[in-house]
2 protein chains.
Amino acid sequence: MDTSAAPGSGVGVAVDLVILTLHEGRLSVALVQRGEEPFAGTWALPGGPVGEHEDLDQSAYRVLENEAMIGEESVHVEQLRTFGAPGRDPRGRVVSVAFMALGADLPAPRRGADVADARWWAVEELAGVELGFDHREVLDCALERARAKLEYSTLAVTFLPAEFTVSQLRGVYEAVWGSSLDAGNFHRKATRTPGFVEELDRFAAPTGGRPARLYRAGSGTTLQPPLLRSGEESA
Amino acid sequence: MDTSAAPGSGVGVAVDLVILTLHEGRLSVALVQRGEEPFAGTWALPGGPVGEHEDLDQSAYRVLENEAMIGEESVHVEQLRTFGAPGRDPRGRVVSVAFMALGADLPAPRRGADVADARWWAVEELAGVELGFDHREVLDCALERARAKLEYSTLAVTFLPAEFTVSQLRGVYEAVWGSSLDAGNFHRKATRTPGFVEELDRFAAPTGGRPARLYRAGSGTTLQPPLLRSGEESA
DNA sequence: GCAATAGTGTCTTTAAGACATTATCTT
DNA sequence: AAGATAATGTCTTAAAGACACTATTGC
């Protein structure tokens, strides 16, 4: 009922962003190195407080632009989950709404205020690294979501430019899932699932083999039936 | 980065609960009738402010117990999404973390403070009814989530008592999806999908036909392959 | 017996997985 | 020609949907 959730209750509200892209062929996340305590020197997700008159999505887009120098262009943004454990921020009670942003070949994140450094991290090489706050859990939540959504949605195309080849699309799946897929079967599935991709009349520049046809994103959002992961490990 | 999400920023944090159960065979949601402005007299979701030292889940369970007189027993609770549009609460800025709770034959919700009435509403008969705040959107979000999760998870069993028949399990799917399923094919799917249900040696009391074998929930959480909805309309 | 509900079997169709094969480029 | 990458075809298997059939109860 929202009964007497009175303002000034001492709880801060923030957003944190898991910005994912394919950087040098690898699934990567934008992290910033904290310049101040707490967690000075450690890497963390970009984020910031929710403005007085902002909706949560607006805050997410603002952080995307300010802290990572990324416009709204063709970035897919969706809410992930909200984290609110009492001790998650040593400075005080902060409830953080986590967002996931996916985009094609995004520019390198820039350094903002209070930030020592900012760059792309390949998710793979981030395996043992400790992150600030509860951001390891947030990142894992995003990876799980992204991996699951590739199965039943057309979301993979948001990692690619407007025109792409089937091989590039397969590369997205292999990078995000960390497994290799059969090229022939993937081609059949991608081109024959209605609404996934639309065939163009042009071809990509050949790279030592038969030139690949170009496609663009189709009008559909869901994959019916889904494209399930079950391939072998290793890309 | 959670930078300076200072306490006392004027934003309140609350939880709202979409409590779903099967009441008289129909998918139903617990609503409370507001006793005070704003939205006095209209029906809304039970909810309340997040306590100073509570994690978000704890707040959800507290509301479940206090406002709906429901223990933690065998209730499945999961976070849905967070709603934070600036004007969603006329009294001031309130960001609300929405939860979904599913349970078997839950007791009737009781009247709490500031509440004129509280009862189960069949989702079906709530079609045209206007709810307080943005709770119509929250409810729709929960229904979508619940309907989707029945496809690829074993969540349907949380709507049933510890021991149940395949027909009852099918009834859950039909009530939540609002469509009818082929009894034979459903039986095959339910009993042959590993981890979904475990066969018992007892039978339910006959109801004018061959007595149905009893089952209990299996150890699995996901349905592989999923049980997709595509049956005819109407229950 | 008949009606009702539970459960099994069979046939068809769809689509995935594992390949082999063909096509078209660079060198 | 050889090698690389793209695309198609074929065969097998898994599993859904339609629906006939058998099983076991109450009346």
Side-chain angles (χ1 to χ4, degrees), chain A residues 25 150-152 160 163-174 177 179-216 220 222-233 235, chain B residues 25 150-152 160 163-174 177 179-216 220 222-233 235:
Chain A
L150 286 208
E151 288 194 317
Y152 60 88
L160 295 174
E163 303 189 350
F164 53 85
T165 68
V166 172
S167 290
Q168 287 178 296
L169 184 59
R170 178 163 48 85
V172 173
Y173 277 86
E174 293 181 332
W177 286 348
S179 61
S180 74
L181 302 173
D182 181 277
N185 292 336
F186 183 87
H187 192 279
R188 175 182 56 187
K189 178 70 181 176
T191 54
R192 300 239 234 271
T193 299
F196 197 3
V197 297
E198 275 178 28
E199 192 178 290
L200 298 177
D201 289 328
R202 264 159 313 111
F203 293 81
T207 61
R210 173 173 169 178
R213 181 180 287 277
L214 286 170
Y215 293 82
R216 67 171 177 226
T222 58
L223 258 37
Q224 182 66 291
L227 204 168
L228 299 167
R229 49 191 147 158
S230 51
E232 326 136 33
E233 262 179 64
Chain B
L150 286 208
E151 287 195 318
Y152 60 88
L160 294 174
E163 303 189 349
F164 53 85
T165 68
V166 172
S167 291
Q168 286 177 297
L169 184 58
R170 178 164 48 87
V172 172
Y173 277 87
E174 293 181 330
W177 285 350
S179 61
S180 73
L181 302 173
D182 181 277
N185 292 335
F186 182 87
H187 192 279
R188 175 182 56 187
K189 179 70 181 173
T191 53
R192 301 241 232 270
T193 299
F196 198 4
V197 296
E198 276 177 28
E199 192 177 291
L200 298 178
D201 288 329
R202 265 160 310 111
F203 292 81
T207 62
R210 173 175 169 177
R213 181 179 288 277
L214 286 171
Y215 292 82
R216 66 171 177 226
T222 59
L223 258 37
Q224 181 67 292
L227 204 168
L228 299 168
R229 50 191 146 157
S230 51
E232 326 134 33
E233 264 179 62

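Treat the numbers as computed from the prediction; the structure is a model and nothing was measured.
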Practice item. Grab the OH-P distance between A:Y173 and C:dA16 for me, whole Å please. Key: 12 Å
Point to revise | Interatomic distance, A:N185 CG vs D:dA7 C1' [rounded to whole Å] | key: 12 Å
Review point. Whole-Å distance between C:dC25 P and A:L214 CG?
Key: 14 Å
Exercise for review: Select base, sugar-phosphate, or nothing to describe what A:T165 touches, counting heavy atoms under 4.0 Å on all strands.
Suggested key: nothing
Point to revise | Atom-to-atom span, CG of A:L181 to C1' of C:dC19 - whole angstrom | key: 16 Å
**Study point:** d(CG, A:D182; P, D:dA7) in whole Å
**Key:** 14 Å
**Study point:** Which residue lies more 5' along DNA chain C, comparing A:T193 with A:P206 via nearest heavy atoms
**Key:** A:T193
Check your understanding: In whole angstroms, how far is the P atom of C:dT24 from the CZ atom of A:R213?
Key -> 11 Å
**Study point:** Interatomic distance, A:F164 CZ vs D:dT5 P [rounded to whole Å]
**Key:** 21 Å
Point to revise | Nearest listed nucleotide, side chain of A:H187, among D:dT5, C:dA16, D:dT8 | key: D:dT8
Practice item. Could you state the atom-to-atom distance from CZ of B:R192 to C1' of C:dG7 in whole Å? Key: 10 Å
Revision key, fill the gap. Between B:R170 and B:R188, whichever has its closest DNA chain C nucleotide further toward 5' is B:R170
Point to revise | Candidate nucleotides C:dC25, D:dA16, D:dT24, ranked by approach to the side chain of B:K189 - the nearest | key: D:dA16
Exercise for review: Kindly point out which of D:dC19, C:dC19, D:dA23 is positioned nearest to the side chain of B:R210?
Suggested key: D:dA23
Practice item. Would you please confirm or rule out a distance under 4.0 Å between OP1 or OP2 of C:dT5 and any side-chain N or O of B:T207? Key: no
Review point. Do A:L181 and A:E174 touch side chain to side chain, with heavy atoms closer than 4.5 Å?
Key: yes
